[in-house]
Number of protein chains: 2
Amino acid sequence: MPKVGMEPLRKRALIDAAIRTIGERGSLDVTVAQIAQEAGVSAALAHHYFGGKEQLILATMRHLLNELGQDLLGALHNARTPSARIVAVIAVNFSAAQFAPQTIAAWLTFYVHAQQSDETRRLLRVYARRMHSNLAYALQQLTDRETALQIAEGTGAMIDGLYIRHALRNGAPEAAKAIALVEDYVTTKLAASERSRAAL
Amino acid sequence: MPKVGMEPLRKRALIDAAIRTIGERGSLDVTVAQIAQEAGVSAALAHHYFGGKEQLILATMRHLLNELGQDLLGALHNARTPSARIVAVIAVNFSAAQFAPQTIAAWLTFYVHAQQSDETRRLLRVYARRMHSNLAYALQQLTDRETALQIAEGTGAMIDGLYIRHALRNGAPEAAKAIALVEDYVTTKLAASERSRAAL
DNA sequence: TTTTATTGATTGATCAGTCAATCAAGAATA
DNA sequence: TATTCTTGATTGACTGATCAATCAATAAAA
């Protein structure tokens, strides 16, 4: 046997390099050669392990999704009450790992890529559905179903919007401010729904 | 003078073709030849009138921004009260013209392009600032400054988020639902701030 | 004729993907 | 132990396709 067991290491290095390269450039218009160089290997090796650029991109996306999923699981693990779960879901989206400029830039390019690639669109839907169902479930324990779904929808949209704004580095709010804004939306809506129910 | 006055017609046709082509493809990875063909002219003519691809793209973006600005002006013209102005600003963002799949797809690609192009980023900032200041101004007549800025921030983020989400949906264009969600956010927040001031 | 409009053909650059050839480390063999 | 296989790892060089940009040439209107 030759120098063995390189495959998982190389794949991981290439995926990390892809995130960095895409994130720095802010575009999927990165060459395989650029990614490979960032990973310290040849472009041919990237093709060897992934089969093609598209598959490398998809693998990169799956990796980001998986990371997000792991973060979410970890955050929910310690959250016992519904409101703690809501706070956890919001916090995960703005955690250091997820809110890093390169990560955000990469996500944004994937959103655009989803318009051309069915598989990319499918993967993004998985992420959106997971976030939504986690939020909606926790909210339904605090208010009626209809209101819960509405808040979940609004929360998701606001989070995505804060993401996109942060990617442009406008006067975009920092993570802490973004969290506060979203949490304020949820608590205000919950308070309003409590009041409307008390009035019945 | 020869066959004269073609320039503005051709430029407009090329810009319209660019919006259609970019919107349909969902990417800035469209060739000048594709845009030119969609406009019914040769690729060389596109270069002749715009000087290059980047300038054609920027002209297209300015056109979309201008259209949005005109829509906004028109909507605000008939709005006399602050709340009517808020409703108008929200409505403009989800008007038929702005919420058309191709337009949304084009906007999304520009957001990504902004990460590479300073001029694109600058143009997007102009749009964001205009929306924000219009909202913030109207809101400050209904609540305190700090709360007004917070609501304006949240509203802008939510609108952007609904945009990006709409771009990924296969069907179900729900402009009305999106408007309702954003308006609900504003009215709920305003009601809460009124209550908190009454409590003083 | 002069000026604008318009294009086909061409060029130079860039890239994804391919391939044949090397490298190196452990296994088999003598 | 020393030597020769075996095979995954790795790459440089090459190819075919694509595209932005250029240019010389033509058409047509004034």
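Order of the sequence lines sets the chain letters (A, B, ...), proteins ahead of strands, with each chain counted from 1. Given the structure is predicted, the values throughout are model-derived calculations rather than measurements.
Of the residues near DNA chain C, A/Ala43 and A/Asp29, the one whose nearest nucleotide (by heavy atom distance) lies more toward the 5' end is A/Asp29.
For A/Ser42, whose side chain is taken as the heavy atoms from C-beta onward, the closest listed nucleotide among C/dT7, C/dT18, D/dT11 is D/dT11. Nearest to the side-chain atoms of A/Arg10 among the listed nucleotides D/dT10, D/dA20, D/dT11 stands D/dT10. Considering only side-chain atoms of A/Glu7, the nucleotide from D/dA9, C/dC19, D/dT10 that sits closest is D/dA9. Comparing atom distances between the A/Lys53 side chain and each of D/dT10, C/dT7, C/dA16 picks out C/dA16 as nearest. Distances were taken from every side-chain heavy atom of B/Val32 (C-beta onward) to each of C/dT7, D/dT11, D/dA20; the shortest belongs to D/dA20.
The cationic group of B/Lys189 does not satisfy the cation-pi geometry with A/Tyr185, failing either the under 6.0 Å distance to the six-membered ring centre or the 45° limit from the ring axis.
Spacing between atom CD of A/Gln37 and atom C1' of D/dG12 amounts to 15 Å, rounded to whole angstrom units. Following rounding to the nearest Å, A/Ile35 (CD1) and C/dC15 (P) show an atom-to-atom distance of 12 Å. The CG atom of B/Leu45 sits 14 Å away from the C1' atom of D/dA21 (whole-angstrom rounding). Atom pair B/Ile57:CD1 and D/dC19:C1' shows a separation of 14 Å (rounding to whole Å applied). Rounded to whole angstrom, the span from the NE2 atom of B/His48 across to the P atom of D/dC23 amounts to 14 Å. Distance, A/Leu9 CG to D/dT10 P: 9 Å, rounded to whole Å. In this structure, the NZ atom of B/Lys11 is 14 Å from the P atom of C/dT4, given to the nearest Å. The distance from atom CZ of B/Arg25 to atom P of D/dT18 is 12 Å, rounded to the nearest whole Å.
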Check the pair B/Glu24, B/Arg20 against salt bridge (Lys or Arg N to Asp or Glu O under 4.0 Å), reporting the backbone distance first and the verdict last. CA-CA 6 Å; B/Glu24 267 161 32; B/Arg20 283 199 302 276; 5.6 Å; no
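In this structure, B/Trp107 has its ring center under 6.0 Å from that of B/Tyr127.
A salt bridge does not link A/Asp118 to A/Arg122: none of the charged side-chain nitrogens sits closer than 4.0 Å to a carboxylate oxygen.
Nucleic acid contact class of B/Tyr49 (heavy atoms, under 4.0 Å, all strands): sugar-phosphate only.
Between B/Tyr163 and B/Phe99, the ring planes are perpendicular. Angles over 60° get that label, and only those under 30° would be called parallel.
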